[in-house]
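Here the structure is laid out as structure tokens; the discussion comes afterwards.
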There are 2 protein chains.
Amino acid sequence: MQLSDRKRKILQAIIHDYIETAEPVGSRTICKNHISDLSPATIRNEMADLEEMGYLEQPHTSAGRIPSDLGYRVFVDSGLERYRLTIKEMLQMQEAFKHKMREANSIMSEISSILSQMTNYTAVATSKRASNIKVQSLQVMPIDARRILAMMITNDGGVKNQLIVTRQEIDGVRAAEITAVLNSCFAGMTVSDITPEKLAEMSTRFRGFAEIEDVFEFMLKSAAEIEKQEIIVDGSINMLNFPEYSDVNKAKQILEYINDKKSLNMLLQSPKRENEIEVIIGNENPLEEFKDCSIIMCSYNLGGRSGNIGLVGPRRMNYSKAISMMEYLKNELDNIISERTDEDE
Amino acid sequence: MQLSDRKRKILQAIIHDYIETAEPVGSRTICKNHISDLSPATIRNEMADLEEMGYLEQPHTSAGRIPSDLGYRVFVDSGLERYRLTIKEMLQMQEAFKHKMREANSIMSEISSILSQMTNYTAVATSKRASNIKVQSLQVMPIDARRILAMMITNDGGVKNQLIVTRQEIDGVRAAEITAVLNSCFAGMTVSDITPEKLAEMSTRFRGFAEIEDVFEFMLKSAAEIEKQEIIVDGSINMLNFPEYSDVNKAKQILEYINDKKSLNMLLQSPKRENEIEVIIGNENPLEEFKDCSIIMCSYNLGGRSGNIGLVGPRRMNYSKAISMMEYLKNELDNIISERTDEDE
DNA sequence: ATTAGCACTCATTTCGTTTTAGTGCTAACA
DNA sequence: TGTTAGCACTAAAACGAAATGAGTGCTAAT
């Protein structure tokens, strides 16, 4: 059954007030603040209907109504009017993109910080390299008498390096030799194939180079770093602003979940439709722990790193604002990509 | 006036119980749990004395006593018996040092994490490079047709690098030329002297190298990173375990302070005596915000990076355990240093 | 010097009462 | 027929007085 126009208006009013006050909303309040041409009694009738239809809930008799997950859902889906970012907000956002040469990770953490500050919700982001990264080249070069620099460059443009202290001097020629062998062994190999076993297998080819173990350790470490999923969380303390977490134990729980990489990872599973903003309301999300939260998220893809970024807040979050922010952000991100690819390829 | 033995015993008992329960301790309780050969009345008299002397406080008449800052102070200073780490705890600690080749920062963040887990307090650490870092060498090398790698190596062994996309191909010879000019300009310069002005001044010497702006930007960014003070915080949520923060607003406040780089920086000012463990109790610390907290801290120095590491907890923290942990940690850190310098110089 | 005894204090708990904010239903009304 | 006023009803929250309990300090006895 479709919602009548009036019912929708009432639902909207309730959601609006509830988002602001976190208190159940009664018929009189709605009449006063929103729909003064109807009497409370009429509104009450409609509210009873809305409850029956599943859009509202009543914490107990004699309390007002609060929106249900379903209520929020239709509110969000049936074109809520968009919050319009202020100039200041736009400028702030753009600040994060100022240094476009920066690494994707540092852009994302800046964005998260700005997002959480502007919305007062918690910003979370995952970031993972594209999976099939390959070793483009390895290099060993002498720095001074006792130190060499080991470098690993990947085909996505990533560079890792580490200083290694040597027992005996290694000159440019020797370094070039080692570099050549390293490349003949490993160039083109997928990063995830760099395993201790593989390396051990190759080690016979480096007889006479005492520091090969150190180089191998460096390669393993770098490979691990490249493969590693990174997770950024910013503004989790904001959760303590909401009366739903005025109980310390609840607060502690949610903060623990929100700082736990595993659950965040589950929470930020890729959206159904790539490249669209997804809104996950209360129990819709995959984790019991977050049943009282809503998440606004979208995927991004930025110079070899991709992942999802999201805003986590209480169920009664300001969807309009949060979604608008995300949209703006998404746009800016897309701009960077296109600029970059213009240059790059 | 010196404390009689009996008074000291009573003070200890009160502190012991208060650390456990966070509740004011009464005379009966002490009699039951600690000093059964004295009657509550006698203990009461002694307690009254101790209060007069400033070692105890009474939240209100008809409540038991709680230790004052001064009380904790004598408790800590007059040789509290040491907590002895379990084998398991020692092993856990050592885990953090397993990969000694790691960068100082990552060792410190691992340590912080372990410390906070084992103590249930909050671990914080600052980390700063020795101040007079110099540029040892700069390097530009071609990676493929359209990309060059810019590198900056500092005299403490740090390496920064970044890929730069070029408009036209730059071969090895050209790269070597640029490298030579770069080094003649900047090698030996203190990192903090790398400023936009300085760079602008030099830029005439790079006529014909279109990407010099990118290289300069990279140098500025790297210099900033090197100079930047890093701060690590781990386990701040642990604060929510303590009844002193069962009020969300208090909890929020302390969490904000504890995650605020500026205040942390003040809090972790270098200890009076380098290389010793310092205990800062309640109001002794420089920041009003942390008047209800105590801090166990010590300085460290690890491969070019140095700073302080500390444990922050409520005033009634388990000093014995926290100090022991710190001591053990300090030892392990010192070991690494001596091992490393054995190799290095 | 120690301690039993007792009067006293003050925070906390308990419990019944009132207040308040809301509902649902019925009957009257336009 | 949809709207509304009126009213009985409900449940939580706020209130306030009384009881409870954990502790003290002081005095007098040991």
Side-chain angles (χ1 to χ4, degrees), chain A residues 1 3-11 13-18 20-68 71 243-244 246-247, chain B residues 1 3-11 13-18 20-68 71 243-244 246-247:
Chain A
M1 175 204 171
L3 275 181
S4 76
D5 224 45
R6 197 167 72 180
K7 283 201 172 61
R8 162 158 301 130
K9 235 177 173 172
I10 290 174
L11 178 57
I14 291 176
I15 292 179
H16 177 274
D17 280 20
Y18 188 65
E20 283 208 335
T21 63
E23 297 287 323
V25 185
S27 52
R28 253 178 69 85
T29 322
I30 294 179
C31 171
K32 268 196 188 151
N33 299 348
H34 299 275
I35 314 185
S36 39
D37 55 342
L38 285 183
S39 80
T42 316
I43 294 175
R44 269 205 296 285
N45 286 331
E46 295 287 45
M47 281 162 78
D49 287 356
L50 281 166
E51 180 171 2
E52 208 169 305
M53 296 161 81
Y55 298 115
L56 293 179
E57 287 166 4
Q58 203 173 16
H60 54 84
T61 7
S62 95
R65 304 299 208 296
I66 64 178
S68 68
E244 18 287 79
S246 65
D247 174 65
Chain B
M1 175 203 169
L3 276 181
S4 75
D5 224 46
R6 197 166 74 179
K7 283 200 173 62
R8 162 158 298 130
K9 234 176 173 174
I10 289 175
L11 178 57
I14 291 177
I15 292 180
H16 179 275
D17 279 20
Y18 187 65
E20 283 209 334
T21 64
E23 297 286 324
V25 184
S27 51
R28 253 178 69 84
T29 322
I30 295 179
C31 169
K32 267 196 188 151
N33 299 348
H34 298 277
I35 314 185
S36 39
D37 55 343
L38 287 181
S39 80
T42 315
I43 294 175
R44 267 205 298 284
N45 286 330
E46 295 286 46
M47 283 163 78
D49 288 355
L50 282 166
E51 181 171 1
E52 209 168 305
M53 296 161 81
Y55 299 116
L56 293 180
E57 286 167 4
Q58 202 173 16
H60 54 85
T61 8
S62 96
R65 302 300 207 297
I66 64 177
S68 68
E244 19 284 81
S246 66
D247 175 63

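Scope of the values below: all heavy atoms of this structure, side chains included, with no hydrogens, waters or symmetry mates. Everything quoted here is computed from the prediction, not taken from an experiment.
Between A/E23 and A/I66, every side-chain heavy-atom pair lies at or beyond the 4.5 Å cut-off. Contact of the B/M53 side chain with the B/L3 side chain is registered, since non-hydrogen atoms from C-beta on lie closer than 4.5 Å. Looking at heavy atoms from C-beta onward, A/I43 lies in side-chain contact with A/M47 at the 4.5 angstrom threshold.
To the nearest angstrom, C1' of D/dT3 lies 13 Å from CD1 of A/I10. Straight-line distance from the CZ atom of B/R44 to the C1' atom of D/dG23: 8 Å, rounded to whole Å. Going from atom CD of A/E51 over to atom C1' of C/dG24 covers 12 Å, rounded to whole Å. Nucleotide C/dG22 holds its C1' atom 17 Å from the CD atom of A/E57, rounded to whole Å. Computed from coordinates, the A/H60 NE2 to C/dT23 P distance equals 11 Å when rounded to whole Å. Taking atom CG on B/D17 and atom P on D/dA22, their separation rounds to 16 Å, with Å as the unit. Spacing between atom CD of A/Q58 and atom P of D/dA12 amounts to 11 Å, rounded to whole angstrom units. Spacing between atom CD of B/E23 and atom C1' of D/dG21 amounts to 13 Å, rounded to whole angstrom units.
OP1 or OP2 of C/dT2 lies within a sub-4.0 Å distance of a side-chain N or O belonging to B/R6. Regarding contacts with the backbone of C/dT23, a side-chain N or O of A/R65 is found under 4.0 angstrom from either OP1 or OP2.
Closest to the side chain of B/N45, out of D/dG25, C/dT3, C/dT23, is C/dT3. Closest to the side chain of B/L38, from the set C/dT3, D/dA5, C/dG22, is C/dT3.
Looking at which nucleotide of DNA chain C each of B/P40 and A/M47 is closest to, the 5′-most match is held by B/P40.
One finds no salt bridge joining B/E57 and B/R65 here, because no Lys/Arg side-chain nitrogen approaches an Asp/Glu carboxylate oxygen to under 4.0 Å.
Between the side chains of A/D17 and A/H34, a donor-acceptor pair is found at a separation under 3.5 Å.
Within 4.0 Å of A/T61, counting heavy atoms only, lie sugar-phosphate atoms of the nucleic acid but no base atom.
In terms of polar N and O atoms assigned as donor or acceptor, the side chain of B/S62 comes within less than 3.5 Å of the base of C/dT9 in a complementary pairing.
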